[in-house]
There are 2 protein chains.
Amino acid sequence: MANGAMGTETKAGRKRPARGKTRRHDADEIGLDALVGHAGYAIRRFQLWIFQDFIKTLAAVDIRPTQYSVMTVIGANPGLSQMAVAKRLGIERARLVHLLDSLEGRKLVKRVKSRDDRRSHALHLTDPGQAALRQFKRLAAEHERHIAEKIGKENREKLLQILAGFT
Amino acid sequence: MANGAMGTETKAGRKRPARGKTRRHDADEIGLDALVGHAGYAIRRFQLWIFQDFIKTLAAVDIRPTQYSVMTVIGANPGLSQMAVAKRLGIERARLVHLLDSLEGRKLVKRVKSRDDRRSHALHLTDPGQAALRQFKRLAAEHERHIAEKIGKENREKLLQILAGFT
DNA sequence: AAAGATTGTTGTTGACGACAACAATTGCTG
DNA sequence: CAGCAATTGTTGTCGTCAACAACAATCTTT
């Protein structure tokens, strides 16, 4: 925190200071100081970036990260109940209802009444849903390449390794 | 965090498993498959965990991550305009309005009308705000220690290094 | 002085997490 | 076996947050 730009002075002078050693807060030279070194802050910014890139990269198919994760899990584990999917992805089952409403409305996913437990629904991808998921995965792979370009291939892998416990 | 991995394995005498076409899954054995290897997913889960720990660790002082970042930047750069703070932290200036309303209502931050540019406000910490921020930083440091315990000290540093470009 | 840009503000929209309540159904226990 | 507790899907509310849009007041530019 011992950055030189710390304010002993309290005058604003942001507009057009005399070109000198006067502090210029004008541009992107604002010191974050203590914020650097906070993992949460870096993670937050990075996640923002990632989600935006994901959304942009998959904009043509109109799929958001959460929708993608839901379809991926269902595709890999057909017949799961909503509860199981929600628990596995760490989302509320109340929230999953809306997600599935949307995906089902687009004929990508179907809820099949389970015979084993008549409370629950067995979730499956529709045939077009499976085809769509394959395309989503291709686009998601492109998105991953964007990440690799951004932070470096080996850094991305190191990151995945560090955070493997959170999946 | 979700903590979906709990001991269902000790449960005995389940209903007859996997007899028909639909496979039954225990909660623990659901494969994420393609989701593993997606940086965004790991980051999302990790950020959730971090924010919850931050909120919990600073619950006694009722400060959330964004509020903390705002106060930190103002404390390190007194006199900044709202626009400058918003741009530096990557938050909407519309959102910053509410954040400052709250912080100002708690007498932690004050908006001083700038004489240089009468549209803008020069942001400062109040005296109690400065004292409070010092305590917040102590608690935030404790939160960082929780992260280090979670992923390992060296992993946390590696992570900070990888994501340094996003601050 | 007029036109255009910036700053703070208000408001809206939508995604999202956290809860609470509820009906239907299942499981457990006495 | 009956009855009560737990689970599942659903609906609804609340609060946070990002992304826009519009606006008045105020610079800046021409």
Side-chain angles (χ1 to χ4, degrees), chain A residues 12 14-16 25-26 44-45 47-56 58-59 62-70 80-87 89-104 109 111-123, chain B residues 1-4 6 8 11-16 24 27 40 44-45 47-52 54-56 59 62-70 80-87 89-102 104 109 111-123:
Chain A
R14 177 200 62 273
K15 184 173 68 174
R16 221 216 107 160
H25 272 153
D26 218 5
R44 168 180 168 266
R45 299 293 298 255
Q47 206 229 310
L48 251 295
W49 185 92
I50 286 190
F51 268 50
Q52 288 185 197
D53 184 86
F54 188 100
I55 292 169
K56 188 167 46 180
L58 279 86
D62 191 26
I63 286 290
R64 316 190 93 257
T66 313
Q67 296 174 312
Y68 176 79
S69 70
V70 169
L80 281 189
S81 70
Q82 299 186 192
M83 190 61 207
V85 171
K87 202 185 298 184
L89 289 177
I91 60 187
E92 299 262 331
R93 65 188 199 275
R95 166 129 187 75
L96 187 58
V97 172
H98 301 298
L99 286 166
L100 289 175
D101 286 350
S102 162
L103 293 175
E104 200 173 29
V109 166
R111 287 187 249 224
V112 180
K113 301 190 69 170
S114 169
R115 216 167 44 268
D116 300 328
D117 186 338
R118 282 152 59 198
R119 294 169 301 181
S120 68
H121 293 155
L123 301 175
Chain B
M1 143 147 257
N3 193 8
M6 306 197 0
T8 14
K11 179 184 308 191
R14 197 151 189 274
K15 211 166 173 187
R16 78 200 66 156
R24 298 278 309 181
R44 167 179 167 268
R45 301 290 299 255
Q47 206 227 305
L48 251 296
W49 185 90
I50 286 189
F51 266 50
Q52 290 186 198
F54 187 100
I55 292 171
K56 187 166 45 179
D62 191 26
I63 286 290
R64 316 190 86 254
T66 313
Q67 296 175 313
Y68 176 78
S69 70
V70 169
L80 282 188
S81 71
Q82 298 185 192
M83 189 63 206
V85 170
K87 200 184 301 182
L89 289 177
I91 61 186
E92 299 262 330
R93 63 188 200 277
R95 165 137 185 71
L96 187 58
V97 172
H98 301 299
L99 286 167
L100 289 175
D101 286 349
S102 162
E104 200 172 29
V109 167
R111 287 187 251 226
V112 180
K113 301 192 67 168
S114 169
R115 247 176 341 289
D116 300 327
D117 185 340
R118 280 154 57 201
R119 294 169 301 180
S120 69
H121 294 154
L123 301 175

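Below, read A as the first sequence line, B as the second, and so on, with proteins coming before strands; counting in each chain starts at 1. Being a predicted model, the structure only gives us computed values, none of them experimental.
- Atoms CG (Asp101(B)) and C1' (dC17(D)) sit 16 Å apart, rounded to a whole Å.
- Atom CG of Asp117(B) and atom C1' of dT6(C) are 8 Å apart (whole Å).
- Between the C1' atom of dT7(D) and the CG atom of Asp116(A) lies a distance of 15 Å, rounded to the nearest Å.
- At the phosphate of dT7(D), neither OP1 nor OP2 sits under 4.0 Å from any side-chain N or O atom of Gln82(A).
- If you check dT26(C), dA25(D), dG9(D) against the side chain of Ser120(A), the one that comes closest is dG9(D).
- Contact of the Val109(A) side chain with the Val70(A) side chain is not registered, since no non-hydrogen atoms from C-beta on lie closer than 4.5 Å.
- Atom NZ in Lys87(A) sits roughly 12 Å away from atom C1' in dA6(D) (whole-Å rounding).
- Proximity of a side-chain donor or acceptor of Gln47(B) to a complementary backbone N or O of Gln47(A) within less than 3.5 Å is not detected.
- A side chain to side chain donor-acceptor pair (under 3.5 Å) with Gln82(A) is found for exactly one of Lys87(A), His121(A), Arg93(A), namely His121(A).
- Closest heavy-atom contact between Arg44(B) and Phe51(A): CD-CZ, 3.8 Å.
- Within the 4.0 Å cut-off from OP1 or OP2 of dT26(C), not a single side-chain nitrogen or oxygen of Arg115(A) is found.
- Counting only heavy atoms from C-beta on, Gln52(B) has its side chain closest to dG17(C) among dT6(C), dG17(C), dA18(D).
- Closest non-hydrogen pair, Leu96(A) versus Ala86(A), comes out as CD2-N, 3.8 Å.
- Distances shorter than 4.0 Å separate none of the side-chain N or O atoms of Thr66(A) from OP1 or OP2 on dA15(C).
- In the region residues 92-99 of chain A, proximity to DNA chain D at under 4.0 angstrom, judged on heavy atoms, holds for Arg93(A), Ala94(A), Val97(A).
- Note: CD (Gln67(A)) to P (dG14(C)) measures 14 Å, nearest angstrom.
- What separates CZ of Phe51(A) from C1' of dA18(D) is a distance of 13 Å, to the nearest Å.
- In this structure, the CD atom of Gln47(B) is 12 Å from the C1' atom of dG17(C), given to the nearest Å.
- Closest-nucleotide positions on DNA chain D for Arg44(A) and Arg119(A) were compared, and the one nearer the 5' end corresponds to Arg119(A).
- One atom, CE of Met83(A), and another, P of dT26(C), lie 17 Å apart when rounded to the nearest Å.
- Minimum interatomic distance between Gly40(B) and Ile50(A) (heavy atoms only, all atoms of both residues): CA-CG2, 3.6 Å.
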Exercise. When you look at Arg118(B) and Lys113(B), which way does the side-chain contact (heavy atoms from CB on, under 4.5 Å) test go after all the steps?
Worked result: CA-CA 7 Å; Arg118(B) 280 154 57 201; Lys113(B) 301 192 67 168; over 6 Å; no
